[in-house]
Amino acid sequence: MKTLNTFRRYIPLLSLLISVIVLCVSWLVSYPYFLRWLEGYSFFSTLPDFVDIHYDLPGDLMKYIGAFLLQFYSVPFSGALIQALIAVLCVSCLWICVKRLFAGSESFLWLAFIPLPVFVHYQLSDLTLSRALTLLMVAFIVMLLVIMLTVRKKHFLHLPSFLKNAVVSSVMSLILLASAATLLVKGNDNTRGYESVAYLEYLGKNKQWDRILQTVSQQESINNEYKRKYVLLALVNTGRLPEYAFSYGLSDSDDFLFDNIQEPFCLGFNVLFYNSLGMYNPAIYNAYQKSVQSTPGMSFDVLRFLADTYLSLGDHAMAKKYLDILSHSTCHGKWVKARLPRLEQLKGNTPEYSIGGPLFPMESFLPDISSMYDRYPADRRFADLLLCGVLAEKDGMAFYNIFQVVSKYIYPDGKGIPDLYQEALLLAASQNPEILNGYKIDEEVWKRFADFTSLMQKGQTAQAKRKYSETYWAYIY
């Protein structure tokens with residue numbers, strides 16, 4: 001009997017421990033990349049002016065604490081554990097209230113779990129932790145008030161006797177915990193979208209282009225502009241853009257980038273796009289724009305990018321500036337230390353762009369890519385972006401004029417031309433056959449074009465487009 005009573009005393013602690021484990025696993029399994037992204041979106045510094053400039057204390061105290069905690073989200077497990085602990089600490093405060101207010105409180109643990117699903121719901125949309133920490137603070141204050149109220153007299157509230165049943169208490173607690181975990185795993189459109197895009201961003205930063213193509217189906221790419229942009233970038237960097245661009249939903253040159261959308265995920269993609277192509281000036285510009293979107297106006301992800309970029313560009317002063325800022329955070333000591341030898345090598349170095357003018361003339365997408373192709377005519381990525389961009393605009397003559405220049409470097413003998421470009425050339429040649437001079441069109445492409453043209457001339461447009469849905473001709477008509 002004594003052993004049973006001892007076990008009952010520890011049931012609340014055991015329940016809270018199980019809750020931490022369940023919620024932690026739910027966060028870790030459902031949002032590992034989103035948790036990592038939250039760290040990159042945040043910023044914290046031990047410098048005194050960080051608080052003076054970015055926070056109005058005590059009003060912004062929760063945001064400040066949230067910024068400190070978010071530093072540890074770079075490891076998804078740490079982030080998941082912190083999320084779970086915040087929620088369970090809130091439940092613990094309420095359990096102390098229940099324990100002091102209700103007679104027979106050992107059977108009323110489930111009352112403390114009632115707000116848990118609502119708390120988790122708020123956590124899902126809390127990018128700074130300020131909302132969750134505010135709710136925790138409210139729970140803590142309520143707990144203190146209850147403790148003061150019950151100093152002289154405890155257990156003055158009563159519930160019906162059937163609710164005192166230990167089985168009822170356990171079942172209700174489990175139901176409420178399961179509801180919170182289910183709500184967390186199921187998420188909502190925003191959080192599931194955040195996780196999928198954060199995952200693609202992670203793959204892109206690590207240059208896992210094939211993994212992106214394996215992750216996103218053609219239908220997903222067609223229906224979702226975020227995923228389509230990552231797929232198109234993966235195709236560019238794997239040399240498969242002409243082969244699959246239109247299959248994955250390319251319909252406009254704007255499909256390659258987010259234009260004038262001031263949103264962190266969009267600007268983050270633009271940074272990745274330009275950086276992967278070595279276009280550092282627009283990459284840096286978009287990085288600054290992205291940092292402004294975070295609560296303190298700067299973020300770890302941007303700071304790390306700027307530090308590494310300026311190290312690559314040989315700019316000692318700018319690299320040192322951002323490494324110094326990162327050195328005053330809590331978790332970047334090793335990261336900064338690993339880059340100090342490279343920084344030391346740059347002392348006295350003059351970056352090339354300080355001599356030769358701006359890194360890149362930023363205009364709009366096609367002119368920018370055209371300028372990059374002029375600089376690097378042997379880089380097929382710029383040629384493909386330029387050619388597919390004008391094909392998406394359905395400008396056949398512009399394509400031919402550009403292809404005349406590109407082919408001298410990429411296809412000097414007129415052979416090995418991708419099917420997409422052959423299809424576009426045949427379409428342009430229907431008005432001017434001389435266009436094909438010097439280019440080898442595969443026999444199979446000739447046959448497909450003859451059949452497509454025949455069906456179109458017979459008025460069987462729908463059948464032609466259905467039969468040759470993977471061709472540029474179907475896109476044009």
Novice: Which is it for Tyr285 and Tyr274 under the ring pair (Phe, Tyr, Trp, His ring centres under 6.0 Å) test, yes or no, and what are the steps along the way?
Specialist: CA-CA 10 Å; Tyr285 170 80; Tyr274 285 122; 9.1 Å; no
Novice: Leu277 and Phe382: which non-hydrogen atoms are nearest, and at how many Å?
Specialist: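 Residues Leu277 and Phe382, closest heavy atoms: O-CZ, 3.3 Å.
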Novice: Would a line drawn from the ring center of Phe305 to the ring center of Tyr322 be shorter than 6.0 Å?
Specialist: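 No - the distance between ring centres of Phe305 and Tyr322 does not fall below the 6.0 Å cut-off.
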Novice: Does one side chain, of Ser247 or Gln218, offer a donor that lies under 3.5 Å from an acceptor on the other?
Specialist: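 The answer is no; no qualifying pair exists.
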Novice: Going by distance alone, is a donor N or O of one side chain under 3.5 Å from an acceptor N or O of the other, for Thr191 and Asn188?
Specialist: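 Thr191 vs Asn188: donor-acceptor pair found between side chains.
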Novice: Distance check, rounded to the nearest 0.5 Å: Leu47 atom CG versus Asp324 atom CG?
Specialist: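 The CG atom of Asp324 is 9.5 Å from CG of Leu47, to the nearest 0.5 Å.
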Novice: Does the distance from a Lys or Arg side-chain N to an Asp or Glu carboxylate O, for Lys205 and Asp301, drop under 4.0 Å?
Specialist: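 Yes, Lys205 and Asp301 are salt-bridged.
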Novice: Under 6.0 Å between the ring centres of Phe273 and Phe256?
Specialist: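 Judged by ring-centre distance (under 6.0 Å), Phe273 and Phe256 do not meet the cut-off.
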Novice: Which residues pass the side-chain hydrogen bond (donor to acceptor under 3.5 Å, both in side chains) test with Gln83, sequence neighbours left out?
Specialist: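 Gln83 satisfies side-chain hydrogen bond (donor to acceptor under 3.5 Å, both in side chains) with Tyr73 only.
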Novice: Mind checking side-chain hydrogen bond (donor to acceptor under 3.5 Å, both in side chains) for Ser469 and listing every partner two or more places apart, or none if nothing turns up?
Specialist: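 Testing Ser469 for side-chain hydrogen bond (donor to acceptor under 3.5 Å, both in side chains), a comparison that skips the adjacent residues, returns none.
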Novice: Measuring from atom CG of Leu426 to atom CG of Asp419, what distance do you get when rounded to the nearest 0.5 angstrom?
Specialist: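 Taking CG in Leu426 and CG in Asp419, the distance rounds to 10.0 Å.
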Novice: State which residues pass salt bridge (charged side-chain N to carboxylate O under 4.0 Å, His left out) with Glu344; sequence neighbours excluded, sorted by chain then number.
Specialist: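 Salt bridge (charged side-chain N to carboxylate O under 4.0 Å, His left out) check on Glu344 returns Lys347.
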Novice: Under the 3.5 angstrom rule, does the side chain of Glu195 hit a backbone N or O of Arg192 as a donor-acceptor pair?
Specialist: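 Judged by distance alone, no pair lies under 3.5 Å.
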Novice: Checking Glu444 now: which residues fulfil side-chain hydrogen bond (donor to acceptor under 3.5 Å, both in side chains) with it, not counting sequence neighbours?
Specialist: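 Applying side-chain hydrogen bond (donor to acceptor under 3.5 Å, both in side chains) to Glu444 gives none.
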Novice: Mind checking whether Val185 and Val29 have side chains closer than 4.5 Å, heavy atoms only?
Specialist: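 No, side chains not in contact.
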Novice: Got a second to check how far Leu16's CG is from Ile21's CD1, nearest 0.5 Å?
Specialist: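 Here the interatomic distance stands at 11.5 Å.
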Novice: Side chains of Ile86 and Phe119: does their closest heavy-atom pair fall under 4.5 Å?
Specialist: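 Yes, close enough: below the 4.5 Å cut-off.
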Novice: Do Tyr194 and Asp189 pair up side chain to side chain, a donor and an acceptor below 3.5 Å, judged on atom types alone?
Specialist: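 Tyr194 vs Asp189: no donor-acceptor pair found between side chains.
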Novice: Can you tell me how the ring of Tyr64 sits relative to the ring of Phe44, calling it parallel under 30°, perpendicular over 60° and tilted otherwise?
Specialist: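 Correct class here is tilted.
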Novice: What is the ring orientation for Phe452 with Tyr477, classed by angle as parallel under 30°, tilted 30 to 60°, or perpendicular over 60°?
Specialist: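 Plane angle between 30° and 60°, so tilted.
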Novice: Looking only at non-hydrogen atoms, find the nearest pair between Ser299 and Phe43 and report the distance.
Specialist: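 The answer is CA-CB, 4.0 Å.
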Novice: Regarding Arg211 and the six-membered ring of Trp209, is the cationic atom NZ or CZ under 6.0 Å from the ring centre and inside 45° of its axis?
Specialist: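 No cation-pi geometry.
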Novice: Can you check whether Tyr475 reaches Leu391 side chain to side chain, under 4.5 Å on heavy atoms?
Specialist: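 No - every pair of side-chain heavy atoms lies 4.5 Å or more apart.
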Novice: Okay, side chain of Asp126, backbone of Tyr122: is any donor-acceptor separation there less than 3.5 Å?
Specialist: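 Answer holds: no.
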Novice: Any donor-acceptor pair under 3.5 Å linking the side chain of Tyr41 with the backbone of Gln293?
Specialist: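 It does hold such a pair.
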Novice: Within a strict 4.5 Å, meaning less than it, do heavy atoms of the Lys394 and Phe399 side chains meet?
Specialist: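 Side chain of Lys394 against side chain of Phe399, heavy atoms only: no contact under 4.5 Å found.
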Novice: Please check: side-chain N/O of Ser30 versus main-chain N/O of Trp27, any donor-acceptor pairing under 3.5 Å?
Specialist: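 No.
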Novice: Main chain of Leu272, side chain of Ser276: is a donor-acceptor contact present, judged purely on distance under 3.5 Å?
Specialist: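 Looks like yes, one N/O pair under 3.5 Å.
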Novice: Can you list the residues that meet the salt bridge (charged side-chain N to carboxylate O under 4.0 Å, His left out) rule with Lys415, with sequence neighbours excluded?
Specialist: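 Listed in chain order: nothing, the list is empty.
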Novice: Does atom NZ of Lys186 have more than 12 heavy-atom neighbours from other groups under 6.0 Å away?
Specialist: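 12 or below, so no.
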Novice: Can you measure from OH (Tyr310) to NZ (Lys320) and round to the nearest 0.5 angstrom?
Specialist: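 Atom-to-atom, Tyr310:OH and Lys320:NZ are 15.5 Å apart.
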Novice: Do the side chains of Asn275 and Tyr280 get nearer than 4.5 Å, heavy atoms only?
Specialist: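 Touching, per the 4.5 Å side-chain cut-off.
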Novice: Could you tell me which non-hydrogen atom of Leu323 sits nearest to which non-hydrogen atom of Val336, and how far apart they are?
Specialist: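 Leu323 and Val336 have their closest heavy atoms at O-CG2, 3.8 Å.
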Novice: Could you check if a side-chain atom of Val271 sits within less than 4.5 angstrom of a side-chain atom of Tyr288, using non-hydrogen atoms only?
Specialist: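 Sidechains of Tyr288 and Val271: no contact.
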Novice: Below 4.5 Å, heavy atoms only, C-beta onward: do Leu267 and Phe258 meet side chain to side chain?
Specialist: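 SC-SC contact between Leu267 and Phe258 ruled out.
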Novice: Donor-acceptor pair, distance only, cut-off 3.5 Å: does the side chain of Glu393 make one with the backbone of Asp395?
Specialist: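 No, because the side chain of Glu393 does not come within donor-acceptor range (under 3.5 Å) of the backbone of Asp395.
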Novice: Residues two or more places apart in sequence or in another chain: which of them pass side-chain hydrogen bond (donor to acceptor under 3.5 Å, both in side chains) with Ser179?
Specialist: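 side-chain hydrogen bond (donor to acceptor under 3.5 Å, both in side chains) check on Ser179 returns nothing, list empty.
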Novice: Distance-only, no hydrogens or angles: does the Ser407 side chain make a donor-acceptor pair with backbone N or O of Tyr411 under 3.5 Å?
Specialist: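 Absent.
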Novice: Tell me, which pairs form a salt bridge (Lys or Arg N to Asp or Glu O under 4.0 Å) where one or both residues lie in residues 26-42, sequence neighbours left out?
Specialist: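 Matches after skipping sequence neighbours: Glu39-Arg304.
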Novice: In a table with atom names and distances, give each donor-acceptor pair under 3.5 Å that connects a side chain of residues 231-245 to protein atoms at least two apart or in another chain.
Specialist:
from, atom 1, to, atom 2, distance (Å)
Asn237, OD1, Arg381, NH1, 3.1
Asn237, ND2, Leu233, O, 3.0
Thr238, OG1, Ala234, O, 2.8
Thr238, OG1, Leu235, O, 3.3
Thr238, OG1, Arg240, NE, 3.3
Arg240, NH2, Asp210, OD1, 2.3

Novice: Going from CG on Leu303 to CG on Leu326, what distance comes out if it is rounded to the nearest 0.5 angstrom?
Specialist: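 Reported value, rounded in 0.5 Å steps: 5.0 Å.
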Novice: Mind checking whether Tyr230 and Phe269 have parallel, tilted or perpendicular rings, split at 30° and 60°?
Specialist: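 Taking Phe269 first and then Tyr230, their aromatic rings stand perpendicular (interplane angle over 60°).
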Novice: Using the test ring-ring contact (aromatic ring centres under 6.0 Å, His included), find all partners of Tyr33 that sit at least two apart in sequence or belong to another chain.
Specialist: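 Only Tyr199, Tyr202 meet the ring-ring contact (aromatic ring centres under 6.0 Å, His included) criterion with Tyr33.
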Novice: Arg131: which residues meet the salt bridge (charged side-chain N to carboxylate O under 4.0 Å, His left out) condition with it, sequence neighbours left out?
Specialist: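 With sequence neighbours excluded, Arg131 shows a salt bridge (charged side-chain N to carboxylate O under 4.0 Å, His left out) to no residue whatsoever.
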Novice: Any donor and acceptor pair, going by atom type alone, linking the side chain of Tyr226 with main-chain N or O of Leu200 inside 3.5 Å?
Specialist: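 Such a contact is absent between Tyr226 side chain and Leu200 backbone.
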Novice: Any donor and acceptor pair, going by atom type alone, linking the side chain of Arg342 with main-chain N or O of Leu311 inside 3.5 Å?
Specialist: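 A pair under 3.5 Å: yes.
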Novice: I'd like to know whether CZ of Phe72 has more than 12 heavy-atom contacts from other residues, nucleotides or ligands below 6.0 angstrom.
Specialist: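 Yes - once you tally the heavy atoms of other residues, nucleotides and ligands closer than 6.0 Å, there are more than 12.
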Novice: Find the distance between CD (Gln422) and OH (Tyr439) and round it off to the nearest 0.5 Å.
Specialist: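 Gln422 CD to Tyr439 OH: 12.0 Å, rounded to 0.5 Å.
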Novice: Is the gap between the ring centers of Phe300 and His332 under 6.0 Å?
Specialist: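 Ring centres of His332 and Phe300 closer than 6.0 Å.
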Novice: On a heavy-atom basis, which atom in Leu250 and which in Cys388 lie closest, and how many Å separate them?
Specialist: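 The pair with the smallest heavy-atom distance is CD2-O, 3.9 Å.
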Novice: Salt bridge check: are Lys440 and Asp413 linked by an N-O gap of less than 4.0 Å?
Specialist: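 Result for this pair is no, no salt bridge flagged.
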Novice: Just grab all the salt bridge (Lys or Arg N to Asp or Glu O under 4.0 Å) pairs involving residues 248-258, residues at least two apart or on different chains.
Specialist: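 Matches after skipping sequence neighbours: Arg228-Asp255.
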Novice: Output side-chain donor-acceptor pairs under 3.5 Å for residues 133-143, partner residues at least two apart or in another chain, one line each.
Specialist:
from, atom 1, to, atom 2, distance (Å)
Thr134, OG1, Ser130, O, 2.6

Novice: Please tell me whether Glu423 and Thr471 have a donor and an acceptor in their side chains that are separated by less than 3.5 angstrom.
Specialist: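 Thr471 and Glu423 do not have a side-chain donor-acceptor pair below 3.5 Å.
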